[in-house]
Number of protein chains: 2
Amino acid sequence: MPTPRTPAASDEDHRAQMEALQTEMHAKMRAAKEKRGLLIVHTGDGKGKTTAAFGMLTRMLATGKKCAVIQFIKSGADPLEKILQRPTLTWHRVGGGFTWDTQDRAADIASCREGWDLALRYFADPDCAFVLLDELNIVLAYDYLPKDEILTALRAKQEMQHIVITGRGALPELIELADLVTEMREIKHPFKAGIKAQRGIDF
Amino acid sequence: MPTPRTPAASDEDHRAQMEALQTEMHAKMRAAKEKRGLLIVHTGDGKGKTTAAFGMLTRMLATGKKCAVIQFIKSGADPLEKILQRPTLTWHRVGGGFTWDTQDRAADIASCREGWDLALRYFADPDCAFVLLDELNIVLAYDYLPKDEILTALRAKQEMQHIVITGRGALPELIELADLVTEMREIKHPFKAGIKAQRGIDF
């Protein structure tokens with residue numbers, strides 16, 4: 001919600017300001033009529049790209065609809081997987097971990113191809129409401145999958161399906177195509193202050 | 001994970017780049033030794049502030065530790081509440097909804113005070129590992145609670161407890177005090193393209 005433009009001088013002043021804001025907000029809500037599946041991108045150098053996508057996934061699972069997660073690059077399971085586990089969710093992890101640990105471009109590319117083939121299957125499933133492609137931006141930044149092939153598939157996305165793509169360095173063409181793009185910008189990071197990654201926060 | 005600095009010319013080149021990156025990453029990890037509870041702030045005009053906090057909450061619940069959520073301002077329950085429900089989680093919603101709907105500063109302030117009293121109780125609980133104060137930044141931007149009182153309590157936070165604060169317009173003093181700050185920056189928003197808020201994505 002918006003922050004106040006000017007501090008209210010009195011309770012009456014506050015009420016008048018809020019009445020005006022309510023009128024403005026209601027007009028905006030009336031203007032937004034369309035309902036359809038969104039192509040969503042979380043990018044930037046800050047934390048929260050995958051975590052916010054997991055939050056959306058949780059919300060979507062609460063609707064009872066089918067959801068799918070494909071995690072590119074990462075190898076370890078996120079602890080929240082066990083909390084979200086249910087028949088309406090399928091979760092795939094492809095790839096052997098960080099590129100600096102695998103050090104094997106051919107194997108990384110093969111894993112990405114496997115993940116993308118899975119993605120295409122969920123794109124084609126009319127019952128699947130939500131597909132999360134975690135770290136796909138990294139896959140594209142490393143040129144592990146041909147961007148034209150990916151963009152073409154995303155352009156042909158089912159109307160009511162939501163697709164969420166995470167990872168730093170999102171391609172300009174993907175940002176152009178997407179409906180909702182958020183940049184997670186790092187303002188302050190504990191790692192740089194000598195605090196290590198911690199269970200529950202980072203993994 | 002980092003995006004590549006220069007595209008690798010060959011598989012061998014890729015392997016050499018990744019070896020160097022691995023050395024760098026391992027050195028960084030060794031340098032980060034400290035483990036303690038973090039004061040985390042999600043701010044900015046973009047989406048994902050609360051959603052990423054909910055993702056962190058889910059991850060923390062997976063550790064089996066006690067967590068608490070206090071939602072300021074908002075009135076309606078988030079659908080993911082029912083998925084996260086468990087004995088280790090307590091969830092409070094204080095306040096009657098958006099300030100432009102309540103239009104009642106005195107009532108808003110009373111609700112915020114109620115929420116803050118709850119927060120103090122969780123701050124003092126040695127078994128509570130994670131406290132989410134949703135939209136507290138808005139409360140402070142509206143001057144609904146005295147900032148000095150809030151900052152003093154946060155400065156005295158238990159060492160191992162994580163506290164997450166969300167909402168746009170975070171106070172500079174809070175950013176200064178926090179360990180981890182992410183700005184969710186709006187690059188593209190579907191609302192502005194006439195697409196309305198949708199179940200599963202927005203609420």
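First the proteins, then the strands, lettered A, B, ... as listed; each starts at 1. What you see below is based on every heavy atom in this structure, not just the backbone, and it leaves out hydrogens, waters and symmetry mates.
Shown here for Pro79(A) and Ala62(B), the closest heavy-atom pair between the two residues is O-CB, 3.4 Å. For the pair Ser10(B) and Arg105(A), the tightest heavy-atom approach, listed with the atom from each and the gap, is C-NH2, 3.1 Å. Of all heavy-atom pairs spanning Gly48(B) and Ala52(A), the tightest one is O-CB, 4.0 Å.
Partners of Glu159(A) by salt bridge (charged side-chain N to carboxylate O under 4.0 Å, His left out), not counting sequence neighbours: none found. Partners of Ala197(B) by side-chain contact (heavy atoms from CB on, under 4.5 Å), not counting sequence neighbours, listed by chain and number: Asp202(B), Phe203(B). By the salt bridge (charged side-chain N to carboxylate O under 4.0 Å, His left out) test, Glu173(A) pairs with Lys147(A), sequence neighbours left out.
With a 4.5 Å cut-off on non-hydrogen atoms, Lys82(A) touches chain B through its side chain but not through its backbone. For Asp108(A), the part lying near chain B is the side chain, with the backbone staying farther off; criterion is any non-hydrogen pair under 4.5 Å. For Asp11(A), the parts lying near chain B are the backbone and the side chain together; criterion is any non-hydrogen pair under 4.5 Å. In this structure, chain A has a heavy atom under 4.5 Å from the side chain of His26(B), while its backbone stays farther away. The contact between Arg36(A) and chain B is made by backbone and side chain atoms together, counting heavy-atom distances below 4.5 Å. Heavy atoms of Leu38(A) lying under 4.5 Å from chain B belong exclusively to its side chain.
Contacts between residues 175-183 of chain A and chain B, counted as heavy-atom pairs separated by less than 4.5 Å, involve Ile175(A), Glu176(A), Leu177(A), Ala178(A), Asp179(A), Leu180(A), Val181(A), Thr182(A), Glu183(A).
Using a 4.5 Å cut-off on side-chain heavy atoms (C-beta onward), Met184(B) and Met184(A) make contact. Side chains of Ile83(A) and Arg86(B) form a contact here, defined as non-hydrogen atoms less than 4.5 Å apart.
Taking chain B as the reference chain and counting heavy-atom pairs below 4.5 Å, the highest number among Met29(A), Met60(A), Lys49(A) is found for Met60(A). Options Leu57(A), Val41(A), Thr50(A), Thr58(A) differ in how many heavy-atom pairs under 4.5 Å they form with chain B, and the most are formed by Thr58(A). Considering only heavy-atom pairs separated by less than 4.5 Å from chain B, the leading option among Thr63(A), Leu80(A), Asp78(A), Thr51(A) is Thr51(A).
Between Phe54(B) atom CZ and Met56(A) atom CE the span is 12.5 Å, to the nearest 0.5 Å. Residue Glu81(B) holds its CD atom at 11.0 Å from CZ of Arg59(A), rounded to the nearest 0.5 Å.
Within 6.0 Å of the NZ atom in Lys65(A), the count of heavy atoms belonging to other residues, nucleotides or ligands does not exceed 12.
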